[in-house]
4 protein chains.
Amino acid sequence: MSQTESGRTDSGLCPPKTARGQKTRESLLRAAEKVFGEKGYYVASISEITQEAKVAMGTFYLYFKDKEDVFRALVQHMLELLRTHLRKHVAPATSQIEAERLGLKAFLSFVSRHKNLYRIVLDSYSVDETIYSGYFQVFADLYSRRLSRAAEQGEVRPGDAEVRAWCLIGISNFLGMRYALWKRPASMEKVVDAAVDMITHGLQAR
Amino acid sequence: MSQTESGRTDSGLCPPKTARGQKTRESLLRAAEKVFGEKGYYVASISEITQEAKVAMGTFYLYFKDKEDVFRALVQHMLELLRTHLRKHVAPATSQIEAERLGLKAFLSFVSRHKNLYRIVLDSYSVDETIYSGYFQVFADLYSRRLSRAAEQGEVRPGDAEVRAWCLIGISNFLGMRYALWKRPASMEKVVDAAVDMITHGLQAR
Amino acid sequence: MSQTESGRTDSGLCPPKTARGQKTRESLLRAAEKVFGEKGYYVASISEITQEAKVAMGTFYLYFKDKEDVFRALVQHMLELLRTHLRKHVAPATSQIEAERLGLKAFLSFVSRHKNLYRIVLDSYSVDETIYSGYFQVFADLYSRRLSRAAEQGEVRPGDAEVRAWCLIGISNFLGMRYALWKRPASMEKVVDAAVDMITHGLQAR
Amino acid sequence: MSQTESGRTDSGLCPPKTARGQKTRESLLRAAEKVFGEKGYYVASISEITQEAKVAMGTFYLYFKDKEDVFRALVQHMLELLRTHLRKHVAPATSQIEAERLGLKAFLSFVSRHKNLYRIVLDSYSVDETIYSGYFQVFADLYSRRLSRAAEQGEVRPGDAEVRAWCLIGISNFLGMRYALWKRPASMEKVVDAAVDMITHGLQAR
DNA sequence: AATGAATGAGAGTTCATTCAT
DNA sequence: GATGAATGAACTCTCATTCAT
């Protein structure tokens with residue numbers, strides 16, 4: 001959420017003081033997800049968002065400072081959804097390799113259900129590069145830490161955890177795009193298997 | 001270039017007939033690379049491009065149908081530059097693994113020299129998703145074929161070549177972004193080593 | 001105040017019935033003076049005024065019909081303050097010339113303490129020219145009468161009292177702007193002396 | 001004019017390169033004078049100005065950076081008209097007192113013909129106080145110098161030239177407002193006489 | 001081939017005012 | 001008496017595109 005406990009939104013606007021205002025803000029955010037996801041940041045217009053949310057144009061500015069502000073809140077929001085989703089699905093893993101498999105599967109299922117994710121994240125690059133880089137940095141940090149730990153415990157071969165983290169993020173991302181977004185394969189399971197196989201054993205014949 | 005052998009540009013405009021026209025078109029394209037790369041497709045304006053190219057606004061429409069048309073020509077152009085660059089650097093490879101190493105290095109060096117690449121490619125997603133997907137599909141196809149061949153020859157372990165291709169593209173892409181674009185590491189060589197090590201042997205401890 | 005003895009405000013709204021209402025109205029008026037004075041009528045917004053006064057937007061319309069209404073009340077209010085101030089300081093004068101000196105000094109000191117006066121009065125011209133002209137007409141009438149009387153008593157040379165009144169108002173006004181508002185002189189006393197000297201004896205060498 | 005010889009307008013926009021552009025800019029400026037003069041800066045809208053000038057909205061921004069930019073150009077322009085007018089009419093004066101009379105007359109006739117002057121100058125105070133103060137400072141400087149010279153030559157009594165300058169500007173201004181703008185007197189000549197008499201000999205009976 | 005003035009639809013944003021609570 | 005969410009018209013400003021020269 002873009003509301004901190006201090007009682008103000010990140011944008012400096014007062015948060016809604018009533019339940020009604022809370023509802024309105026949420027429907028605006030939902031509408032923004034739809035419209036930004038379908039048309040992209042620049043093609044989407046505030047008026048489309050407010051129409052979708054069934055409120056007047058001016059209402060928008062009660063809850064968000066400007067177009068960029070909703071967008072940031074939205075990316076924030078989706079990032080949190082994704083992290084929650086991943087955490088939940090990866091938790092049961094008993095090994096790092098199993099965590100990779102579960103994480104990849106979870107990511108692919110998330111993308112399948114949130115087709116808007118890619119457009120929104122990609123757009124963030126041109127809205128403000130730091131939104132985009134920050135988004136991936138979050139995952140890279142988490143990943144790095146997990147991989148370091150796994151290496152310490154002898155579960156994975158030693159190696160640069162950060163580089164590996166970025167490799168794994170790249171893999172998830174492109175597989176998600178290709179197989180969850182663009183052309184779904186006959187069996188997603190097989191895709192995951194093939195990817196995890198490569199991640200686990202590498203390409204080289206022995 | 002966006003000119004086919006049939007002698008017409010993709011946009012249906014006649015190609016420049018004189019050397020002077022040729023020059024103008026090229027300076028427009030160069031200007032477009034600069035402006036789109038710095039500001040992004042939507043924030044950039046035709047008038048900025050013509051100013052950068054030092055021609056009048058009307059001149060633009062002598063060479064390109066519209067804003068989207070230059071953009072497509074530009075992506076085309078960069079794609080070709082990149083392919084040429086990669087081909088040249090990967091050619092000497094004597095094994096698939098060596099090809100991976102050389103390809104990754106070549107990609108990273110290209111990105112370092114063409115910082116605009118990412119913004120332009122990323123923007124293409126919201127200009128027209130098919131530009132973006134087509135861009136990666138080209139590489140995925142090439143990769144797949146090469147990996148299949150390598151597997152046939154017993155050089156790499158058998159496995160789904162297409163899935164692996166997308167994994168490798170994802171890896172290159174994210175490493176390029178992280179290490180060539182955002183924060184250059186002390187030693188790029190080590191990054192390449194770590195990545196190639198993972199690609200070659202996988203994560204799993206033996 | 002914009003309240004007449006008939007018990008209604010000029011705007012047709014009922015005046016506050018309780019002490020609490022009275023307080024609220026006053027803090028609104030104080031806030032209006034601050035905000036209009038700092039930003040000007042058109043740039044200032046009702047919401048700034050209510051924020052400054054620490055009341056909700058809707059509260060404003062309990063005490064004033066609309067934006068113009070507060071503004072009129074405010075000009076009214078300042079005019080009264082000014083008249084009271086002048087009356088008090090000019091009273092002790094024993095001659096018309098002394099009254100000029102005291103009046104000018106009092107005006108300059110008032111302006112020094114109420115820097116907002118000019119912006120508000122000047123704005124009134126474009127809100128409604130009659131506010132502005134009415135404001136000065138009040139002073140012109142008072143002045144004219146006094147000058148006529150002084151002429152009758154042989155204290156000042158005979159001459160068109162009205163023209164002289166407007167000249168004197170113009171002098172006060174511009175001296176106030178120049179010396180009390182824009183750039184305070186080393187000695188205000190000397191400014192007053194020079195002005196009164198000119199008013200008293202004119203420019204011409206004898 | 002707001003064009004310097006260096007070939008750029010004050011606002012940083014390129015000046016029109018063709019005669020047609022020149023014409024358009026001028027009709028825009030004329031329209032601005034009319035609309036700003038009638039409605040005031042804030043109430044006037046760019047679209048009214050362009051309609052009055054019979055050009056499209058976008059055309060406006062070819063010649064002026066924004067609303068404030070035309071306004072500044074306009075004030076500049078009127079100031080120059082006024083100065084030219086005054087210079088021409090005051091030139092024949094053979095004494096400082098005669099110069100006062102001619103200057104005042106010229107100012108009153110200018111105001112009668114340019115009723116918009118006051119609103120525009122007054123508005124400048126809330127657009128940007130320095131436009132307004134700069135406007136009067138120009139006259140104050142000229143006046144001061146002339147009065148100093150006249151005092152040196154024994155033509156007027158010695159005294160603070162600057163204070164006198166501001167007094168005289170105030171007088172002109174308020175007389176212009178009262179007698180040229182608001183309510184024309186039966187005889188303007190008599191008004192001038194009365195004012196010049198006061199300026200010349202002061203109020204005090206001898 | 002090249003120019004640059006002109007267009008006008010449409011974007012983001014503000015704000016005086018209303019009204020249900 | 002007081003609140004603050006909601007409204008929507010109106011504004012300023014941008015820019016892809018056209019066209020007369």
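The two atoms that bring A/R119 and B/S126 nearest to each other are NH2-CA, 3.5 Å, heavy atoms only.
Pairs of Watson-Crick or G-U wobble type, with distances under 3.5 Å, assemble into runs of 3 or more in DNA chain F at these ranges: E:2-21 with F:2-21.
Contact check on A/R72 versus A/E68 returns a salt bridge, with a Lys/Arg side-chain nitrogen under 4.0 Å from an Asp/Glu carboxylate oxygen.
Each of A/T24 and C/V55 was matched to the nucleotide of DNA chain F holding its nearest heavy atom; the match closer to the 5' end belongs to C/V55. The residue among A/G21 and D/E48 whose nearest nucleotide of DNA chain F lies closer to the 5′ end is A/G21.
OP1 or OP2 of F/dA2 sits under 4.0 Å from a side-chain N or O of C/Y63.
The environment of B/K23 atom NZ is sparse: at most 12 non-hydrogen atoms of other residues, nucleotides or ligands sit within 6.0 angstrom. Annotation for C/K115: atom NZ counts as buried by contact number, over 12 foreign heavy atoms lying within 6.0 Å.
Protein atom CG of A/D69 is 14 Å distant from nucleotide atom P of E/dG12, rounded to whole Å. Summarising the geometry, the separation between CD on C/Q22 and P on F/dA2 is reported as 11 Å, rounded to the nearest angstrom. Look at CD on A/Q51: it is 12 Å from C1' on F/dG8, rounded to the nearest Å. We find that CG of B/L28 is positioned 13 Å from C1' of E/dA1, with the value rounded to whole Å. Rounded to an integer number of Å, the gap from A/I49 CD1 to E/dA11 C1' is 12 Å.
Here A/D123 contributes atom CG and B/Y42 contributes atom OH; the two are 8.0 Å apart, rounded to the nearest 0.5 Å.
Taking the six-membered ring where tryptophan is involved, the planes of C/F71 and C/F36 are perpendicular, since the angle between them exceeds 60° and thus also 30°.
With hydrogens and angles disregarded, no donor-acceptor distance shorter than 3.5 Å links the side chain of D/E38 to the backbone of D/V35. One N or O on the side chain of B/K67 and one on the backbone of B/A44 form a donor-acceptor pair closer than 3.5 Å.
Here B/Y118 and A/Y125 keep their ring centres 6.0 angstrom or further from each other.
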Task: Sequence-aligned protein contact record of nucleotides 14-21 of chain F, with B where the base is within under 4.0 Å of a protein heavy atom and S where only the sugar-phosphate is - done: BBSBBB--
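Considering only side-chain atoms of C/A56, the nucleotide from F/dG1, F/dT3, E/dG4 that sits closest is F/dT3.
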